[in-house]
Number of protein chains: 2
Amino acid sequence: MKEQTNKPTDAELRILRVLWQRGPSTVREVYEELHRDRPVVYTTVLKFLQIMTEKGLVTREDAGRAHVYHACGSEEQAQRRLVENLLDRAFGGSAQKLVLQALTARKASAEELSEIRKILDELEGGA
Amino acid sequence: MKEQTNKPTDAELRILRVLWQRGPSTVREVYEELHRDRPVVYTTVLKFLQIMTEKGLVTREDAGRAHVYHACGSEEQAQRRLVENLLDRAFGGSAQKLVLQALTARKASAEELSEIRKILDELEGGA
DNA sequence: GATTTATAACGAAACTTTTCGTACTCTAAA
DNA sequence: TTTAGAGTACGAAAAGTTTCGTTATAAATC
């Protein structure tokens, strides 16, 4: 498996999201899922899964006639990398500014806000 | 000025960051700044500023022989759009998850953390 | 006025990402 | 054994992004 510092492209990320949500899936399953939202062709999905296999974003496993694809690494790891990337590209590394924008961009529920408080407590406790 | 729903590309974002930091600048000024960090050619920067003018990401103004370029919209607006974009592309719209990743990705200082608490207070107060 | 210098304009090459058509393979049904 | 169906493999076109060389222009200097 290759080093996985690669940032997935938009199309790749769409596919990864399906794999995270559904778990290991065949091309057809990923295709069906994506097809709900946008007009996309079976072989396009297949092609991407092949590319992503080369890049080490997914692995595959034989299952009878078809292949079953697994996302490499967890959703959280990938999200982490994307956040770090955005942090560097657009926020000069300031997590605070990013958090501010995230919280004002989307209304979070009361529960979510208190979850975030808990995280803050833990971070302050640890430091 | 065009509608500004365009997501800037990586190279465009690098240039916008210079304009946000320095304020309105000539091509040469942007070039000098970028040139510190990476090998880049004057005409490449010029080309991008021309493209970005067409896209409505920047405006320009004549100042004698040269042009002075202004970023369209504030840094915060652009950052907001980028966060919303990431939220949709990778976090299923959950600001909470993004905040969690941001806070664990980068150690925030104690002051920053308490700034974030203030924001939380305001959000809960308003709701 | 001619030459140098700093700039803008433009086009195209190089590269990346995305999309899709076509060919090939295997299996199972007719 | 042939045919139909579901799958993979592959190549190349289409679209988008990035880079840079060349040319044109106008001002400053000689």
Side-chain angles (χ1 to χ4, degrees), chain A residues 2 4-19 24-70 78 82 85-86 89-90, chain B residues 2 4-19 24-70 78 82 85-86 89-90:
Chain A
K2 274 188 194 169
Q4 197 179 336
T5 50
N6 273 340
K7 191 183 153 197
T9 66
D10 280 7
E12 288 168 349
L13 189 53
R14 263 177 252 130
I15 287 175
L16 285 175
R17 297 239 291 148
V18 174
L19 293 179
S25 310
T26 63
V27 178
R28 179 145 308 272
E29 289 165 338
V30 174
Y31 163 73
E32 299 285 4
E33 189 66 31
L34 290 176
H35 193 57
R36 293 210 174 93
D37 295 336
R38 52 171 64 213
V40 67
V41 166
Y42 179 88
T43 55
T44 301
V45 178
L46 171 62
K47 180 68 167 183
F48 270 112
L49 282 165
Q50 289 169 346
I51 291 170
M52 291 165 79
T53 301
E54 278 178 12
K55 288 192 185 177
L57 289 171
V58 300
T59 58
R60 73 187 176 186
E61 176 196 357
D62 268 34
R65 47 187 167 275
H67 289 154
V68 173
Y69 288 86
H70 301 244
L82 289 166
N85 188 266
L86 185 63
R89 276 190 310 136
Chain B
K2 271 188 195 169
Q4 197 180 337
T5 49
N6 273 340
K7 190 183 155 197
T9 67
D10 280 7
E12 288 168 350
L13 189 53
R14 261 177 253 130
I15 287 174
L16 284 175
R17 298 238 292 148
V18 174
L19 293 180
S25 310
T26 63
V27 178
R28 179 145 306 273
E29 288 165 339
V30 173
Y31 162 74
E32 299 285 3
E33 189 65 30
L34 290 176
H35 192 58
R36 292 205 176 96
D37 294 337
R38 51 172 64 215
V40 66
V41 166
Y42 179 90
T43 56
T44 300
V45 178
L46 169 63
K47 179 67 167 183
F48 270 111
L49 282 165
Q50 288 168 346
I51 290 170
M52 292 166 77
T53 301
E54 279 178 12
K55 288 192 185 176
L57 289 170
V58 300
T59 57
R60 71 186 178 187
E61 176 196 359
D62 269 33
R65 49 185 166 277
H67 289 155
V68 173
Y69 289 86
H70 301 244
L82 288 166
N85 187 267
L86 186 63
R89 276 190 309 135

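Model, not experiment: these values are computed from the prediction. In the text below, chain A, chain B and the rest are named by the order of the sequence lines, each starting its count at 1.
- The ring-ring contact (aromatic ring centres under 6.0 Å, His included) search around A:H35 returns A:Y31, not counting sequence neighbours.
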- [ ] Classify every nucleotide of nucleotides 4-10 of chain D by which part a protein heavy atom approaches to under 4.0 Å, writing B for the base, S for the sugar-phosphate alone and - for neither, in 5'-to-3' order.
- [x] ---SBBB
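- Under a 4.0 Å N-O distance rule, the pair A:E12/A:K7 does not qualify as a salt bridge.
- Side-chain contact between B:R14 and B:R38 is present, with at least one heavy-atom pair separated by less than 4.5 Å.
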Open item on the list: I'd like to know whether A:M52 forms a side chain to side chain contact (heavy atoms under 4.5 Å, CB included) with A:I15, so could you lay out the CA-CA distance, the side-chain angles of the two residues, the decisive distance to 0.1 Å, and finally the verdict.
Closed with: CA-CA 10 Å; A:M52 291 165 79; A:I15 287 175; 4.0 Å; yes
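- Atom CD of A:E12 and atom P of C:dT16 are 13 Å apart (whole Å).
- For the pair B:K7 NZ and D:dG16 P, the interatomic distance rounds to 14 Å; values are reported in whole Å.
- Applying the 4.0 Å criterion to OP1 and OP2 of D:dT18, one finds that B:T44 has every side-chain N and O outside that range.
- Residues that satisfy the side-chain contact (heavy atoms from CB on, under 4.5 Å) test with A:T43, not counting sequence neighbours, are A:V41.
- One interatomic measurement links the two molecules: CZ of A:R14 to P of C:dT17, which rounds to 13 Å at whole-angstrom precision.
- One atom, CD1 of B:I51, and another, P of D:dA15, lie 18 Å apart when rounded to the nearest Å.
- Contact of the B:T9 side chain with the B:K55 side chain is registered, since non-hydrogen atoms from C-beta on lie closer than 4.5 Å.
- Rounded to whole angstrom, the span from the CD atom of B:E54 across to the P atom of C:dG11 amounts to 11 Å.
- You'll find that the side chain of B:T9 is closest to D:dT17, out of D:dT17, C:dT18, C:dT17.
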